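Worksheet: one structure, shown below.
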Amino acid sequence: MKNEKNKTKIYIFATMKKYFILFPAVCIALTQSLSAKIWINEFMQSNIDWVRDDLQEFPDSWVELYNDSGQDVDIQDWYIAETQDYSQGWKFNQPALVPAQGYILVYCDKAASGLHTSFHLDSGNGGSIYLFDTDKNVIDSVTFIPKQPAPNISRGRTIDGGPVWENFVMSSPNQPNGGKFSDRVLENPVFSQPGGIFKDSVRVSLSLPANLPAEVTMLNIHYTLDHSEPTVDSPVYSEELIIPETAVLKAKIIHPDYLTNRSQAHSYIIVSKDMELPVISISLDESYLWDEEFGIYCQGNGVYGKEGNGVDYKANWNNDWRRPVNFEYFPLQNKGAVLNQLGEMRISGGWSRASVQKPLIIYGHKRFGIKNFDHDLFNEKPGQDIRSFMIRNSGNDFFSTHFRDAAIQLFMGRKVDVDYQEYQPAIFYLNGKYWGIQNLRERSNEDFVLANYGTEDIDLIENWWGDLKTGDLADWYRLMSELWKSLNQINYQWLMDQIDINEYINYMILEIYVSNTDFPHNNMVMWKPKTTAGKWRFILKDLDHGLGIWEANPVDHNALQYNMENNDDERKLFRALLSQDSFKKEFYSRFAIYLGDILHYNATSQIMDSIQQMLEPVMENHLLRWRDEETQWWMNMDFWHNEINLMKNWCQERNAHVYTHLKEFFDLGTVMAMTLETSPDLKGSPVVSINGITLQKPVFAGSYFQGETIRLRLEG
């Protein structure tokens, strides 16, 4: 009989994943040290809502790492990158344990913290992922990644750590790979009736698109009417659907052998009256709004909520969580949607987040399919490349006129050189529910600059302490360093070369005229192109604290003095420039002319009247939607009209006070009334300018200062 004592036995176990060879213990340790590896095992280039991370966000993209060894591996001080240069990637600065025979998810979302990288994966062709160890050696890589076939589809090794890569029918983050895979994305069903605005119930049939695989049948069409994304557990379409009231129908084709697209959604807005404004319809999973832990519109249970913005309790709405939405836009002149696309939404603003109707930001995304909104949302600014925009609740003015900030910005917007946010009011439906009037507005960030100036190569700063939004702070620090000097040491020629003086004067005149005291310590946005001749410009933002709202600032409030009363950082620029005679004279001269022209009551009241007329037919329903019947019974049309009249009266009385403020502050001569009228015999359309300021109309009804020179020019 043979001696079996020193004989080594080898056992082979077959599993669903692969074959594992088990050696005696002493051999196991040796094998692990020679071949154990961390693999890039699966990734998703466009994660809409498949994975929710520890920040309660849906990260843009993610990568799954797999540890094929029998020991935990800590990847702290490793790097993950999109290129072969590790320094361009993300370093894991904290302990990050990949368990034995287990997985860890890395969130590629630009959050740059912990397991959240400083980059997101490109959804197009040719991308790469590299994993480096502590010695900067490439441990694993995936190169020449094909374009994502559709959002929420992952690509991975067909078996954990295996050599073959495919697109998975069912993504498996933090789970073993091995499911079905495919390269075919099924198209969405065909709707017999697209979404729109209707006065009666709507009948909708669904059918299969052409050229589908033979095994795909009508039984693979699933739909929902509750705003959730259809799944295999959703109803199967079997007969024509009758929609009796406003609803959003979502449908998709789901087959176990093929990749599934995001659903097609159509809103059917059913109302008895003609719409007086454009209509917005947004649909998203109800839990993304109202879930106690991660719903963005509710206060929540405090687990992930944040304090601030006027509340001393933790509220979900204080987070900037983004949630996927289907966005549809129905212009006034068209009962069908001109935009129907997948995007993202988040709550925005400061204290207005706590309002019952919240301000929102809507984003387009390349990784969702379309990176912009290809329609002129703002008729006065056609042809814009719009990447994101606001659906605003009028901020501080929500329980007042609902258009104060928009009107203020239009006092100058469309007329003179100033960066203002365009305005379009709309009727808003949120998950099929009437949500009142909300205001489409341009944003005051880099997307504003792209839409209006066609460039992304900029520095953009919010507020004077230097909250960087894009670009870098180098030029901002140079500007602030100059302003921190004493007034007699500042290089004024250099300073005035850094600022777009013409635009800045217009900007400051409007802020001072409306007496916006939520400024300059707040709501300041400055940007400049990254060019040799680039100059800082200023974007008007949130002026709804002006025009005497809540009687906070009386009509005689000296906002000029307010903006000069101390030497804090936010006032240094204005104080420095006003110490220069050329700037000072241009400022008060232009201000005085504007008070008799675009800031005269004839002009400002015309803007307020035009918006009032636009909102009048729909405002009562809006007030009824949002007032609390017990505590806000007074919120009716009489109240609304009164608020508008208070605002108009403020404007009517304001100019005389401002002329006095200018006279006293700049030690000017007596304020003297000055009018200009063109003769009825004058033919054509004459252009009149006073002191270089072109009047909007060839009339002037203001004042000027005794002893000051008037230059009058008539053309045409």
Side-chain angles (χ1 to χ4, degrees), residues 36-69 71-124 126-146 148 151-162 165-168 170-177 294 321-322 365-367:
K37 184 173 180 179
I38 303 297
W39 300 88
I40 299 171
N41 203 48
E42 186 178 356
F43 60 86
M44 184 176 284
Q45 294 155 277
S46 175
N47 174 65
I48 293 179
D49 55 2
W50 194 268
V51 166
R52 191 171 77 246
D53 61 29
D54 56 316
L55 304 178
Q56 300 305 305
E57 290 269 29
F58 297 116
D60 297 342
S61 43
W62 51 262
V63 175
E64 177 194 77
L65 303 180
Y66 167 63
N67 175 6
D68 72 359
S69 77
Q71 295 178 340
D72 297 345
V73 176
D74 187 355
I75 60 171
Q76 182 175 3
D77 295 329
W78 289 32
Y79 291 81
I80 187 168
E82 294 179 286
T83 71
Q84 289 180 292
D85 182 357
Y86 75 90
S87 67
Q88 298 299 309
W90 175 248
K91 181 180 181 179
F92 298 99
N93 291 310
Q94 302 172 6
L97 209 63
V98 188
Q101 299 292 315
Y103 316 88
I104 193 172
L105 285 189
V106 179
Y107 307 113
C108 303
D109 56 3
K110 295 189 175 182
S113 175
L115 292 175
H116 298 261
T117 71
S118 55
F119 61 87
H120 61 68
L121 303 182
D122 194 331
S123 58
S128 301
I129 309 171
Y130 292 86
L131 183 66
F132 305 85
D133 64 12
T134 54
D135 296 322
K136 319 305 189 295
N137 298 314
V138 176
I139 296 300
D140 195 16
S141 64
V142 186
T143 58
F144 302 106
I145 297 171
Q148 62 168 24
N152 264 6
I153 291 176
S154 69
R155 186 170 181 82
R157 301 177 186 274
T158 54
I159 58 173
D160 290 340
W165 287 84
E166 296 287 354
N167 297 317
F168 288 125
M170 185 67 68
S171 175
S172 58
N174 278 334
Q175 295 178 352
N177 293 358
F294 58 84
W321 295 333
R322 297 189 187 189
H365 272 298
K366 174 185 174 182
R367 60 189 179 84

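Small disclaimer: the values here were computed from a predicted structure and weren't measured. Nothing fancy with the numbering, it's 1 onward along the sequence.
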If you take all heavy atoms of [X] and [Y], which pair is closest and at what distance?
{"X": "N47", "Y": "F58", "result": "ND2-C, 3.7 Å"}
{"X": "D60", "Y": "R367", "result": "OD1-NH2, 2.7 Å"}
{"X": "S154", "Y": "S172", "result": "OG-N, 4.5 Å"}
{"X": "G89", "Y": "S118", "result": "O-OG, 4.0 Å"}
{"X": "D74", "Y": "A96", "result": "OD1-N, 2.9 Å"}
{"X": "Y103", "Y": "P176", "result": "OH-CA, 3.0 Å"}

Any non-hydrogen side-chain atom of [X] less than 4.5 Å from a side-chain atom of [Y]?
{"X": "L115", "Y": "D53", "answer": "no"}
{"X": "W90", "Y": "V106", "answer": "no"}
{"X": "W62", "Y": "E42", "answer": "yes"}
{"X": "L131", "Y": "V138", "answer": "no"}

(message) Atom NZ of residue position K136 - does it have more than 12 heavy atoms of other residues, nucleotides or ligands inside 6.0 Å?
(response) yes

Straight-line distance of [X] [atom1] to [Y] [atom2], nearest 0.5 Å:
{"X": "Y130", "Y": "Y86", "atom1": "OH", "atom2": "OH", "answer": "16.0 Å"}
{"X": "K366", "Y": "D122", "atom1": "NZ", "atom2": "CG", "answer": "4.5 Å"}
{"X": "I153", "Y": "S171", "atom1": "CD1", "atom2": "OG", "answer": "10.0 Å"}
{"X": "D77", "Y": "T134", "atom1": "CG", "atom2": "OG1", "answer": "7.0 Å"}
{"X": "E82", "Y": "Q88", "atom1": "CD", "atom2": "CD", "answer": "10.5 Å"}
{"X": "Q45", "Y": "I129", "atom1": "CD", "atom2": "CD1", "answer": "7.5 Å"}

(request) Verify, without hydrogens or angle tests, whether Q101 (side chain) and S69 (backbone) share a donor-acceptor contact under 3.5 angstrom. (result)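 Such a contact is found between Q101 side chain and S69 backbone.
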
(message) Please check this pair: side chain of D109 against backbone of H116, looking for a donor-acceptor N/O pair closer than 3.5 Å.
(response)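 Answer holds: no.
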
Please tell me whether [X] and [Y] have a donor and an acceptor in their side chains that are separated by less than 3.5 angstrom.
{"X": "Y107", "Y": "D54", "result": "no"}
{"X": "D72", "Y": "N67", "result": "no"}
{"X": "D68", "Y": "W39", "result": "yes"}
{"X": "T158", "Y": "E166", "result": "no"}

(message) Please verify the inter-ring angle class for Y79 with F132; under 30° counts as parallel, over 60° as perpendicular, anything in between as tilted.
(response)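 Plane angle over 60°, so perpendicular.
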
(message) List the residues meeting ring pair (Phe, Tyr, Trp, His ring centres under 6.0 Å) with H120, not counting sequence neighbours, and say none if there are none.
(response)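 Partners of H120 by the ring pair (Phe, Tyr, Trp, His ring centres under 6.0 Å) criterion come out as none, since no residue qualifies.
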
(message) If you take the centroid of each ring, where Trp contributes its six-membered ring, are W165 and F144 closer together than 6.0 Å?
(response)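 Ring-ring flag for F144/W165: false, centres at least 6.0 Å apart.
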
(request) With sequence neighbours left out, write down each residue that passes side-chain hydrogen bond (donor to acceptor under 3.5 Å, both in side chains) with E64, or none if nothing qualifies. (result) N41

(request) Taking only Lys NZ, Arg NE, NH1 and NH2, and the carboxylate oxygens of Asp or Glu, determine whether R157 and D140 approach each other closer than 4.0 Å. (result)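 The answer is yes: the pair qualifies as a salt bridge.
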
